[in-house]
Each structure stands twice: as structure tokens, then as C-alpha cells.
Amino acid sequence: MARISPDQMRSWLKVYFIAGSTNCVQDSVNVLEEAIRGGITIFQYREKGSNCLEGEEKLELGKRLQRICKENGMPFIVNDDIEMALELDADGVHIGQEDEDAQEVRKKIGDKILGVSVHNLKEAERAKRAGVDYFGVGPIFPTATKKDTRAVQGTAMLEQLKDFGIPMVGIGGINAGNAAVVMNAGADGVSVITAISHADDAREAAAKLKGKIFR
Ligand SMILES: Cc1ncsc1CCOP(=O)(O)O
Ligand SMILES: C=C1C=NC(C(F)(F)F)=NC1=N
């Protein structure tokens, strides 16, 4: 398997749903199924926060969510947990700046998709040298989902990175009402947790977001 092309990565990044058991009011498996019907293009399993699953339970939920992605031809990305990503043979991983160094992770995962959270040009340069497939840029807007985010940065970082030539997705407080702002700043897509996972109708929420993505 070769590395994913930037164009293929950009098309996957359009509507990037991220969730774990702690983000979903209903069962995360059902939420994912509905979100896929609504038109998300890629999914990240992010099992974090207080009372998140661990060990076997975390792995089992990962397997269930991965199966749904596989059935729908959708990339399944694992957040942070490289070992679990390899055990599941996930399509890729997403790491933050506090996680293992991107260079090391690239060695471990081979040609799988590697996403890195970047907050400034220095982090972006470093990630680019490590062979990253996409940047996660944010938090664009205030968010209650992740307690320890860096400062809310608006679209400034997206504007600075749009000429980097690396596919990138905005994240943080994004919804159908502000997704166009993120796209206009140069993002290849939007990444959301709450906008879909807390929606009464996840399918409709995903569809509304999809309608705002014009690339
Ligand atoms: C994981 C993460 N990283 C930066 S903001 C954020 C949380 C995004 O969640 P929401 O879409 O609910 O604002
Ligand atoms: C902290 C994160 C920042 N960005 C992303 C993504 F949207 F995938 F790029 N995922 C994360 N878990």
C-alpha cells in the first residue's frame, strides 16, 4: 500500500466526524451509522475524557466502529493510541503535539494515514518534515468538548497554512452555521464532535454540514 495522495486526502477530509463513547448521548455505533447516512467522509475514534473506556472495552468499541466504516468504504482513524491503531489495522492515526513525535509514529505506521494537530508554523514545518498526510488546525472557535485546548485562534492559522500544500481540516466549535467561514479560510474540510454527536438527528446534522462544504 502506498501513501495516500494529497488529493485523495483532501477529498476524505470534507466532513470529518470525531467521536468516542463520552461524546455520544445515544450509542456511538448508532450515531456513526446515522452520520454516515448523512454524508460524513471520514471518522476518527477518539476515546478520551473522564470516564472514557479503556483496555478491552475500548478495543471492542473500536472494532464495532471500524466495521461500520469498512462496510461504508470510509477511512477509520484512531486518535492518539498507536498500539490500538496497529492492533485494529486502522487506516490511520491522529496525534497531538503532546503525543509521540510524528517522525517516530510514521516509522511505526508505515504508509497509513498520519494526521497531526498543529497550532503554529513551527509545528507545521516539523510535521511536514515528518511526512504528515494532513493537519488538524484549531481550535477555530471556542469549544466545550476538549478541556485543554490551546488558545482559540479563529481562521488565522488556516490562512497561514493554506499555501503549505498539505491537506488540512479545521476543528473546534464548528457547525453548519460557521463551516463556510472555515472553508473560505482555505481548509479542505471541517471536523466536528458536538455538532453531530449531540444532535437530535445525527444524519440531518451531517447532511447540513456536508451542504456547506464547497470543495
Ligand atoms: C479535539 C479537539 N481539538 C481541538 S478542539 C477539539 C474539540 C472539537 O470538538 P467540537 O467539534 O465539539 O467543538
Ligand atoms: C485534537 C485533534 C485535532 N484535530 C483533529 C483532526 F480533525 F482530525 F484533524 N483531531 C483531533 N483529535
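Just follow the structure's listing: the first ligand is 1, and inside any ligand the first atom is 1. Values below: every heavy atom of this structure, side chains too, minus hydrogens, waters and symmetry copies.
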Ser21 versus Ser28, side-chain donor and acceptor atoms under 3.5 Å =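 No.
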ask   = In terms of side-chain heavy atoms, does Ser11 have a donor or acceptor partner in Gln8 at a distance below 3.5 Å?
value =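 There is such a pair between these side chains.
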inquiry  = Out of the candidates Leu86, Asp91, Val105, only one should pair with Lys112 under the side chain to side chain contact (heavy atoms under 4.5 Å, CB included) rule; please name it.
reply    =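 It is Leu86, the one option of Leu86, Asp91, Val105 that forms the side chain to side chain contact (heavy atoms under 4.5 Å, CB included) with Lys112.
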ask   = Is Arg46 salt-bridged to Asp80, going by a charged N under 4.0 Å from an acidic O?
value =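 Not counted as a salt bridge, because no side-chain N and carboxylate O are separated by less than 4.0 Å.
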inquiry  = Give the residues near ligand 1 by chain and number, with the criterion being a heavy-atom distance under 4.0 Å.
reply    =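 These residues qualify: Arg46, Thr143, Thr145, Lys146, Thr149, Ile171, Gly172, Gly173, Val192, Ile193, Thr194.
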key: Neighbour count above 12 (heavy atom, 6.0 Å) for Arg203 CZ   =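 Not buried by this count: 12 neighbours or fewer within 6.0 Å.
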ask   = Taking the six-membered ring of Phe76, is NZ or CZ of Lys70 closer than 6.0 Å to its centre and within 45° of its axis?
value =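 No - Lys70 does not lie over the ring of Phe76 by the 6.0 Å and 45° rule.
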Please list, in number order, the atoms of ligand 2 under 4.0 Å from a heavy atom of [X].
{"X": "Ile171", "answer": "3 (C), 4 (N), 5 (C), 7 (F)"}
{"X": "Ser191", "answer": "7 (F)"}
{"X": "Gly136", "answer": "4 (N), 9 (F)"}
{"X": "Asn79", "answer": "12 (N)"}

message = With nothing but distance in play, are any N or O atoms of Tyr16 less than 3.5 Å from an N or O of ligand 2?
response =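 Not met; the criterion fails.
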ask   = Where on Lys146 is there a heavy atom closer than 4.0 Å to ligand 2, on the side chain, on the backbone, on both, or on neither?
value =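 It is neither; nothing of Lys146 touches ligand 2.
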query = Considering only heavy atoms, does Val137 approach ligand 2 within less than 4.0 Å through its side chain, its backbone, both, or neither?
reply =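 Contact part for Val137 vs ligand 2: neither.
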task = Check whether any heavy atom of Ser117 sits under 4.0 Å from an atom of ligand 2.
result =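 Under 4.0 Å: yes for Ser117.
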Residue pairs, two or more places apart or on separate chains, that pass side chain to side chain donor-acceptor pair (under 3.5 Å) and touch residues 130-140 =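 Residue pairs with at least one partner in residues 130-140: Arg3-Asp133, Tyr16-Tyr134, His94-Tyr134, Arg106-Asp133.
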task = Going by heavy-atom distance to atom 11 (C) of ligand 2, choose the closest among His94, Arg46, Lys48.
result =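 It is His94 that holds the nearest heavy atom.
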